[in-house]
Amino acid sequence: MLTLNTKIDQAAQIDGELELPYDQREKSRLRATLRSGEDVAVFTVRGTVLRDGDLLRGDDGRVVKIIAKAEATYRVDAADAHLLLRCAFHLGNRHTQAHIGHAGGVGFLRIRKDPVLKEMLEGLGARVSEEEAAFEPEAGAYGGGHHHHGDDHHHNPLAPIPLRQKIHRPSDKKDEADPCTPAPCCICCN
């Protein structure tokens, strides 16, 4: 069985394609099947998220391209940027992964199917439609962002984290003795 274990930036030749939904592209250990039918084992560094177009080199030197598999999602459209921003805020406040997209001069959000979130978004005034599409959520403020393939701008839109700055995570407990420890930001952080 081919073992894929090294992420590379470019290759002269692509020897296969591995189509995976997002939840499998988040795993660091995985058994999967190439489009050709060949079984492969994927071993990546913990925390690695494979993105559409990423390349993995196998133990035999072959290179496999990752393809984001279309999956059941909701596309969230809004009448204006302000409403879309409100929707993004409420999704973020619920720690919901969201894909931020742009097509035909219009921005949109994409989330995994969840009827409760659909109802909330429609209550805010958004149009929510089901679609089978690749799901590529943002990595998060401290996750390093991600590069949109075909984007010629090599930039990181996220500010670097100062060395002494504490990073708030929902699992953090408030430390009364340390005034720099952030207070909970939402209900789930209490």
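The first residue of the sequence shown is numbered 1, and numbering continues consecutively from there. The figures here come from the full heavy-atom set of this structure, side chains too, leaving out hydrogens, waters and symmetry mates.
- Heavy-atom neighbours of R57 CZ from other residues, nucleotides or ligands within 6.0 Å: at or below the threshold of 12.
- Distance alone, capped at 3.5 Å, is enough to place a donor-acceptor pair between the R110 side chain and the A134 backbone.
- T44 places none of its side-chain heavy atoms less than 4.5 Å from the side chain of L4.
- In plain terms, the two heavy atoms of I8 and V63 that are nearest each other are CD1-CG2, 3.8 Å.
- Between K7 and L55 there is no side-chain heavy-atom pair separated by less than 4.5 Å.
- No donor-acceptor distance shorter than 3.5 angstrom exists from the side chain of R86 to the backbone of H82, with no hydrogens or angles considered.
- The main-chain N or O of E136 is found under 3.5 Å from a side-chain atom of H99 such that the two form a donor-acceptor pair.
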TODO: Please test L56 against T6 for side-chain contact (heavy atoms from CB on, under 4.5 Å), starting from the C-alpha separation and ending with a verdict.
DONE: CA-CA 5 Å; L56 292 176; T6 306; over 6 Å; no
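- Nearest approach of P137 to Q97, heavy atoms of both residues: CB-CB, 3.8 Å.
- Contact annotation: the side chain of R29 approaches that of F43 to within less than 4.5 Å [non-hydrogen atoms, C-beta and beyond].
- In this structure, D23 and F135 have side chains that are not in contact, with every pair of non-hydrogen atoms separated by 4.5 Å or more.
- Within the 3.5 Å criterion, the main-chain N or O of Y22 finds a donor-acceptor partner in the side chain of E71.
- Between S129 and R75, the side chains place no donor N or O within less than 3.5 Å of an acceptor N or O (distance only, hydrogens not considered).
- V128 and V106 are members of different hydrophobic clusters when ILVMFWY side chains are connected at heavy-atom separations under 4.5 Å.
- Residues T3 and V40 have side chains not in contact (no heavy-atom distance under 4.5 Å, counting atoms from C-beta outward).
- Side-chain atoms of R25 come within 3.5 Å of backbone N or O of L20 as a donor-acceptor pair.
- Using a distance-only test at 3.5 Å, with no hydrogens or angles considered, no donor-acceptor pair links the side chain of D15 to the main chain of V64.
- Here K113 does not pair with E132 in a salt bridge; the nearest charged N to carboxylate O distance is not below 4.0 Å.
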Task: I67/L18 under side-chain contact (heavy atoms from CB on, under 4.5 Å): CA gap, chis, key distance, verdict - done: CA-CA 6 Å; I67 306 295; L18 179 58; over 6 Å; no
